[in-house]
Amino acid sequence: MSVPNSEVSQKLYIETYGCQMNVADSEVVASILKEKGYDITENINEADVILVNTCSIRENAEQRIWGRLDVFKQIKKNKPELTVGVIGCMAERLKEKLLEEEKTVDIVVGPDAYRELPSLLETAETGQRGVNVILSKEETYADISPIRLDKNRISAFVSIMRGCNNMCSYCIVPYVRGAERSRNPESILKEIEDLFNKGYKEVTLIGQNVDSYNWESENENLPALSSRQEGGRQGKSLKFAQLLEKAAKISPKLRIRFSTSHPKDMSDEVLYTMAMYGNICNYIHLPAQSGSTKVLAEMKRGYTREWYMNRIMAIRQILPDSAISTDIMTGFPGETEEDHQETLSLMEFVNYDFSYMFKYSERPKTYAARHLKDDVSEGTKSRRLTEIINLQSQLSERSKKADLGKVFEVLVEGISKKSSEHLFGRNSQNKVVVFPKNDFAIGDYVFIEITECTSATLIGIPVK
Ligand code: SAH
Ligand code: SF4
Ligand code: F3S
């Protein structure tokens, strides 16, 4: 039997680690390979090809992947024809190491080279290693319609840009994802419309720094740009606030979220756009990293504690109902006890609804790795992280208790893990709400009055 190369019939299993960008990229990869005849499987044991989409943000993220590669090695022992590919950020960072030390790995493909996957897999079939980790200044995969790998079919990520130009001193992202580039707004809006037409009720526009989204059109007459005067702007560029507005206008029944905002770039214009459209969710993830101006400067974040607080006050004023979350990193080189106290006091000031909290992990090649000594001891990092986590638990509890008695519109996402008689969904503020199932279906919008809460969840009853 002859199977033409362009139409292979193999089963592909993709495992995804890291941030939302990787989740979205895996869907692009699935689409590229499905075109070539690969069938996506959720069962690793029936896979002909295993791809692991990897993250390098902290050392423990990479350790997890090495652990997975050991597992794939075992599978491969009983199935020598299995192809294993490492893709994503760690592929970019550790190409040589993956190829040298890991006999398991057949192909290594960086985030900007996914269009080459079919030919690299073909190479692998001949017994050679396939490698491409070339970063691009242009690639946005704009024309590729991602295959959604999520189960609920309600909420999807839509990538609006790639890469990052910020060069925060601790961060590996600019090295593994290359320079920042914005995706053509027409392709973004078309993808969102398609999702809505397929029944999706929520999209999250994603990028490492969505506030610096900027599309420069070469063609004055692009329809997506034709109404750009709406925001009082002239010219050929389209900025994030305008993209957001266009996305919001697709349908009031489609919720729009976005992530991540950068404190140095988040403009009042974005906040006013959010205030204008009920379907743009009242939730902002605004990573602070530290509350100390001195540490922020060492991190090369481009803002001070006061600037950050000013951004928070703008949110509170323009969007009084907005929830705010953050990323906090503790134990950055040179962080003193005083700096740490400033982080805690900033957390109190903002009263975060939610935080992602990390210990600083030195990443090779970064400015911090080259110039700053990782001088906060592991014990001190752990103790400070515990204090940060404990404070956030109190703030999270406070935030949930403040919701008791309120009524929220909740988008139903699924059946509660704890009880088949209950559904769960999220409110505009991104808080999880659990409530009795009644006759509601996944994808419905339901008004829920909050009657109880746990540390992670709001619990309520439907109201008319
Ligand atoms: N672009 C986003 C976040 C990208 S990475 C932003 O700028 O906010 C997600 C989070 O991982 C960061 O906000 C930071 O808190 C954390 N992080 C990044 N590099 C890290 C490192 N070297 N060690 C520990 N945490 C890190
Ligand atoms: Fe990393 Fe900073 Fe870019 Fe975020 S903004 S991805 S932390 S360099
Ligand atoms: Fe990790 Fe790459 Fe995202 S390093 S956090 S998967 S951009």
Side-chain angles (χ1 to χ4, degrees), residues 15-26 29 52-65 86-94 110-112 133 135 157 159-181 206-213 258-266 284-291 295-296 298-303 308 311 324-333 335 343 352 354-370 372 374 376 378 381-382 384-385 388 392:
E15 205 166 279
T16 305
Y17 296 87
C19 65
Q20 298 166 341
M21 299 302 299
N22 265 11
V23 174
D25 279 2
S26 287
V29 165
V52 57
N53 196 355
T54 58
C55 174
S56 283
I57 200 81
R58 284 167 291 274
E59 197 185 343
N60 57 13
E62 291 188 346
Q63 272 161 2
R64 226 167 132 200
I65 311 280
V86 179
I87 65 174
C89 299
M90 194 174 158
E92 192 65 48
R93 195 179 92 72
L94 292 177
D112 286 345
V133 292
L135 289 171
F157 294 131
S159 164
I160 64 166
M161 59 207 297
R162 298 180 73 79
C164 185
N165 283 351
N166 282 321
M167 300 300 263
C168 301
S169 65
Y170 50 81
C171 184
I172 196 74
V173 170
Y175 299 87
V176 292
R177 291 214 157 234
E180 180 185 294
R181 65 224 96 124
I206 58 169
Q208 293 297 353
N209 178 2
V210 291
D211 300 295
S212 68
Y213 177 87
F258 56 87
S259 184
T260 303
S261 303
H262 196 301
K264 82 176 159 56
D265 299 317
M266 193 195 66
I284 298 182
H285 182 59
L286 195 68
Q289 313 301 356
S290 168
V295 173
L296 289 168
E298 294 276 313
M299 288 177 166
K300 298 190 184 296
R301 285 290 285 177
Y303 54 87
Y308 187 90
R311 294 291 72 211
I324 304 177
S325 64
T326 194
D327 293 348
I328 298 284
M329 192 192 310
T330 190
F332 187 77
E335 184 189 72
T343 297
Y352 289 117
F354 187 81
S355 295
Y356 297 92
M357 298 154 285
F358 313 103
K359 279 188 222 174
Y360 170 66
S361 160
E362 186 176 273
R363 308 314 290 134
K365 269 197 186 177
T366 57
Y367 178 92
R370 286 181 286 121
L372 306 173
D374 187 4
V376 179
E378 190 52 34
K381 282 182 187 170
S382 297
R384 288 182 189 164
L385 183 65
I388 287 169
Q392 185 54 53

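Counting starts at 1 for both ligands and their atoms, following the listed order.
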Taking distance alone, with no angle check, do [X] and ligand 1 share an N/O pair under 3.5 Å?
{"X": "Glu362", "value": "no"}
{"X": "Arg301", "value": "yes"}
{"X": "Arg58", "value": "yes"}
{"X": "Gln208", "value": "yes"}

Hey, is Arg301 one of the residues with a heavy atom under 4.0 angstrom from ligand 2?
-> yes
Search all heavy atoms of [X] against all heavy atoms of [Y] and return the closest pair with its distance.
{"X": "Phe332", "Y": "Glu298", "answer": "CE2-CB, 3.6 Å"}
{"X": "Val133", "Y": "Gly110", "answer": "CG1-N, 3.8 Å"}
{"X": "Glu362", "Y": "Leu372", "answer": "OE1-O, 4.0 Å"}
{"X": "Leu135", "Y": "Tyr175", "answer": "CD1-O, 3.6 Å"}
{"X": "Asn22", "Y": "Tyr17", "answer": "ND2-O, 2.8 Å"}
{"X": "Cys171", "Y": "Pro174", "answer": "O-CD, 3.6 Å"}

Flag for Asp25-Asn53: side-chain donor and acceptor within less than 3.5 Å =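 No, no side-chain donor-acceptor pair sits under 3.5 Å.
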Does one side chain, of Tyr170 or Arg58, offer a donor that lies under 3.5 Å from an acceptor on the other?
-> no
Mind running side-chain contact (heavy atoms from CB on, under 4.5 Å) on Asn166 and Gln208 for me, showing each step along the way?
-> CA-CA 9 Å; Asn166 282 321; Gln208 293 297 353; over 6 Å; no
Return yes when Gln20 approaches ligand 3 closer than 4.0 angstrom through a heavy atom, no otherwise.
-> no
Is ligand 3 less than 4.0 angstrom away from at least one heavy atom of Met21?
->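 Flag not set, Met21 not near ligand 3.
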Answer side chain, backbone, both or neither: which part of [X] comes under 4.0 Å from ligand 1, heavy atoms only.
{"X": "Arg363", "result": "side chain"}
{"X": "Ile57", "result": "both"}
{"X": "Pro287", "result": "side chain"}

Which segment of Pro287 sits under 4.0 Å of ligand 2 when only heavy atoms are counted |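 Answer for Pro287: neither.
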Subset of ligand 3 atoms that lie under 4.0 Å from at least one heavy atom of [X]:
{"X": "Asn22", "value": "6 (S)"}
{"X": "Cys55", "value": "1 (Fe), 4 (S), 5 (S), 6 (S)"}
{"X": "Arg177", "value": "2 (Fe), 7 (S)"}
{"X": "Ser56", "value": "1 (Fe), 4 (S)"}

Identify the closest protein heavy atom to [atom]: which residue and atom is it, and at what distance?
{"atom": "atom 3 (Fe) of ligand 2", "answer": "Cys164 SG, 2.3 Å"}
{"atom": "atom 1 (Fe) of ligand 2", "answer": "Cys171 SG, 2.3 Å"}
{"atom": "atom 7 (S) of ligand 2", "answer": "Tyr170 OH, 3.3 Å"}
{"atom": "atom 23 (N) of ligand 1", "answer": "Ser361 N, 3.0 Å"}
{"atom": "atom 3 (Fe) of ligand 3", "answer": "Cys19 SG, 2.3 Å"}
{"atom": "atom 13 (O) of ligand 1", "answer": "Asp327 OD2, 2.6 Å"}
{"atom": "atom 5 (S) of ligand 2", "answer": "Asn166 ND2, 3.3 Å"}

Donor-acceptor under 3.5 Å ([X] side chain, [Y] main chain):
{"X": "Arg363", "Y": "Ser56", "result": "yes"}
{"X": "Thr260", "Y": "Asn209", "result": "no"}
{"X": "Tyr360", "Y": "Lys381", "result": "no"}
{"X": "Tyr303", "Y": "Ala288", "result": "yes"}

Over 60° means perpendicular and under 30° means parallel, so classify the ring planes of Tyr356 and Phe354, tilted if in between.
->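 Judged by the thresholds at 30° and 60°, the geometry between Phe354 and Tyr356 is perpendicular.
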Take Met299 and Glu335 through the side-chain contact (heavy atoms from CB on, under 4.5 Å) test and state the conclusion after the steps.
-> CA-CA 11 Å; Met299 288 177 166; Glu335 184 189 72; over 6 Å; no
Using a 4.0 Å cut-off to any heavy atom of [X], which atoms of ligand 1 qualify?
{"X": "Phe358", "value": "10 (C), 11 (O), 15 (O), 16 (C), 25 (N)"}
{"X": "Tyr170", "value": "18 (C), 19 (N), 20 (C), 22 (N)"}
{"X": "Gln289", "value": "8 (O), 12 (C), 13 (O), 14 (C), 15 (O)"}
{"X": "Lys359", "value": "23 (N), 24 (C)"}

contact_flag Thr260 ligand 1 heavy-atom lt 4.0 Å = yes
Residues Glu378 and Lys359 bridged, charged N to O under 4.0 Å | yes
Out of curiosity, Phe358 CZ to Ile328 CD1, how far, rounded to the nearest 0.5 Å?
->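 Atom-to-atom, Phe358:CZ and Ile328:CD1 are 10.0 Å apart.
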Starting at CG of Asn165, measure out to OG of Ser212 and round the result to the nearest 0.5 Å.
->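 Between atom CG of Asn165 and atom OG of Ser212 there are 7.5 Å.
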Any N/O/S of Cys89 under 2.8 Å from atom 1 (Fe) of ligand 3?
->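 Under 2.8 Å: Cys89 has no N, O or S contact with atom 1 (Fe) of ligand 3.
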Atoms of ligand 2, numbered as shown, that sit under 4.0 Å from any heavy atom of [X]:
{"X": "Met167", "value": "8 (S)"}
{"X": "His262", "value": "5 (S)"}
{"X": "Pro174", "value": "8 (S)"}

Checking heavy atoms under 4.0 Å, the part of Gln208 that sits near ligand 3 is side chain
Quick check: does Cys168 have an N/O/S atom under 2.8 Å of atom 2 (Fe) of ligand 2?
-> yes
Are the side chains of His262 and Arg301 in touch, meaning some heavy atoms are under 4.5 Å apart?
-> yes
